[in-house]
Chemist: 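Dropping the structure in here first, questions after.
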Amino acid sequence: MKKRQITIKDIAKALHISPSTVSRSLADHPDISQETKNIVNAYAREHKYKPNALALSLRTNNTKTIGVILPQIVHYFFSSVLSGIEDEAEKGGYRVIICQSNENYEKEVKGAQALLEARVCGVLASVAKTTTIYNHFQELIDSDIPMVFFDRICTGILTDRVVVDDYAGVCSAVEYLIRSGCRRIAFFGSPSDLAISNNRRMGYEDALRKNGLPVDKELIKICDNYTEALRLTPELLSLPNRPDAFFAVNDETAIGVLNVVKAKGLRIPDEVSICGFTNNSLAEVSDPLLTSVDQHGYELGAIAMRLLIERLNGVRDGDRIVSKIIKTNLVVRQSTR
């Protein structure tokens with residue numbers, strides 16, 4: 001059985017003095033005699049006493065703890081973001097508490113409440129797909145807890161935010177497909193509740209219009225995961241005038257498209273080009289290797305954390321909202337011409 005850590009009360013009982021005397025001795029308080037300090041500190045060292053960091057931080061009203069609310073840790077993009085967040089937090093002397101919503105509004109609300117109860121210094125958040133009401137985030141702000149939204153933001157709440165340039169990333173990728181000779185480009189996107197979904201669809205549609213190609217609603221589908229891609233891709237490939245390219249909102253969906261296209265006996269990229277969005281590890285092991293838009297998740301997470309620490313340290317004016325945009329780049333591989 002693991003031995004219980006001793007407390008200030010345990011030391012006080014063993015030495016027949018008050019807990020307050022122990023506490024002040026450990027803090028080197030001038031009102032306590034040096035002899036008492038020596039006795040208390042010697043006993044504490046001998047019994048491997050460790051101060052309760054949380055209790056200390058609550059007394060000083062600074063928990064040095066940051067809460068992070070994100071949709072899915074298993075998603076490559078969000079795990080990259082989290083790495084950036086944690087590295088910057090460590091540099092600043094902060095701990096991180098992670099709440100995963102799993103794209104569920106109710107879980108997101110519970111996570112926000114848990115962070116409020118934990119008295120975190122600040123919160124970094126990326127909104128779940130199913131979230132359309134944002135009272136839980138407003139409650140954090142009303143409780144004087146600074147927030148920074150990243151990637152999936154709430155436009156109705158005025159906070160610092162860090163976002164990917166989704167529009168430009170998709171626009172440049174679709175224009176690349178057009179320059180390579182593709183004319184019937186399908187778009188697999190996310191539900192329109194999210195701002196990033198609309199930005200990516202607009203990037204796709206504007207790229208077509210700029211290059212004199214029609215926007216065919218038949219080729220635009222809500223499809224943002226591997227399973228849905230397996231279901232919907234055959235429908236589009238069975239059209240009399242089938243797509244000669246697919247742009248998918250993430251790499252998992254693009255891999256689903258790729259597997260269906262291969263199973264249909266169509267040659268990639270000669271007959272069908274495929275492009276994803278994220279540039280995760282799947283893109284580097286698929287057959288053929290997947291062309292994808294790199295979101296630079298680690299950089300996004302690091303910048304979001306730095307913005308929050310600046311806010312906590314009073315580096316910036318409290319009323320000035322900062323928006324940072326992370327530029328993307330297209331990583332061309334074998335799935336496109």
Chemist: Evaluate the ring planes of Y134 and F137, with Trp represented by its six-membered ring, and classify them as parallel (under 30°), tilted (30 to 60°) or perpendicular (over 60°).
Modeler: parallel
Chemist: Name the residue from D216, L219, L213 that meets the side chain to side chain contact (heavy atoms under 4.5 Å, CB included) definition with L208.
Modeler: L213
Chemist: Quick one: closest heavy-atom pair of L115 and I69, and the distance?
Modeler: CD1-CG1, 3.7 Å
Chemist: Apply the test ring-ring contact (aromatic ring centres under 6.0 Å, His included) to residues F188 and F247: give CA-CA distance (whole Å), side-chain angles for both, the deciding distance (0.1 Å), then the verdict.
Modeler: CA-CA 6 Å; F188 281 180; F247 181 88; over 10 Å; no
Chemist: Provide the full list of salt bridge (Lys or Arg N to Asp or Glu O under 4.0 Å) pairs with a residue in residues 34-43, sequence neighbours left out, each pair given once.
Modeler: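 Applying salt bridge (Lys or Arg N to Asp or Glu O under 4.0 Å) to every pair that reaches into residues 34-43, excluding sequence neighbours, yields D28-K37.
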Chemist: Please determine if R201 and E205 form a salt bridge, counting it only when a charged side-chain N lies under 4.0 Å from a carboxylate O.
Modeler: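 A salt bridge links R201 with E205.
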Chemist: Under a 3.5 Å cutoff, is there a donor and acceptor pairing between the side chains of E108 and H136?
Modeler: yes
Chemist: I'd like to know if E103 and R152 make a salt bridge, using a cut-off of under 4.0 Å between side-chain N and carboxylate O.
Modeler: yes
Chemist: Is the charged tip of K64 near the ring of Y94: under 6.0 Å from the six-membered ring centre and within 45° of its axis?
Modeler: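 Yes, a cation-pi geometry holds between K64 and Y94.
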Chemist: Check whether the side chains of Q138 and D142 place a donor and an acceptor atom closer than 3.5 Å, and report yes or no.
Modeler: yes
Chemist: Looking only at heavy atoms, which two atoms of P191 and D224 are closest? And how far apart?
Modeler: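 Looks like CD-OD2, 3.6 Å.
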Chemist: Would you please say whether a donor-acceptor pair under 3.5 Å links the side chains of S83 and S80?
Modeler: no
Chemist: For the pair D165 and K327, find out whether any cationic side-chain nitrogen is under 4.0 Å from an anionic carboxylate oxygen.
Modeler: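 So D165 pairs with K327 through a salt bridge.
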Chemist: Any carboxylate oxygen within less than 4.0 angstrom of a Lys/Arg side-chain nitrogen, looking at R209 and D206?
Modeler: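 Salt bridge flag = yes for D206 with R209.
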Chemist: Would you call K221 and E228 a salt bridge, taking side-chain N to carboxylate O under 4.0 Å as the test?
Modeler: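 E228 and K221: not salt-bridged.
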Chemist: Could you check whether N279 and S292, counting side-chain N and O atoms only, form a donor-acceptor pair closer than 3.5 Å?
Modeler: no
Chemist: Any donor-acceptor pair under 3.5 Å linking the side-chain atoms of E252 with those of N280?
Modeler: yes
Chemist: Output yes when R161 and D151 qualify as a salt bridge under the 4.0 Å nitrogen-oxygen rule, no when they do not.
Modeler: no
Chemist: Do the side-chain N and O atoms of T65 and R95 include a donor-acceptor pair separated by under 3.5 angstrom?
Modeler: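 The answer is yes; a qualifying pair exists.
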Chemist: Just jot down the side chain to side chain donor-acceptor pair (under 3.5 Å) partners of K262, sequence neighbours excluded, or say none.
Modeler: none
Chemist: Using distance alone, with no hydrogens and no angle criterion, decide if N104 and S101 have a side-chain donor and acceptor under 3.5 Å apart.
Modeler: no
Chemist: Assess whether a salt bridge exists between R311 and D160, defined as any Lys/Arg side-chain N lying under 4.0 Å from an Asp/Glu carboxylate O.
Modeler: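 A salt bridge links R311 with D160.
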Chemist: Determine, stepwise, if the pair L237 / V261 fulfils side chain to side chain contact (heavy atoms under 4.5 Å, CB included).
Modeler: CA-CA 8 Å; L237 292 178; V261 171; 4.1 Å; yes
Chemist: Judged by modelled atom types alone, do D10 and Y49 share a side-chain donor-acceptor pair under 3.5 Å?
Modeler: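 No - no donor-acceptor pair under 3.5 Å links their side chains.
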Chemist: Between the side chains of T336 and S273, does any donor sit under 3.5 Å from an acceptor?
Modeler: no
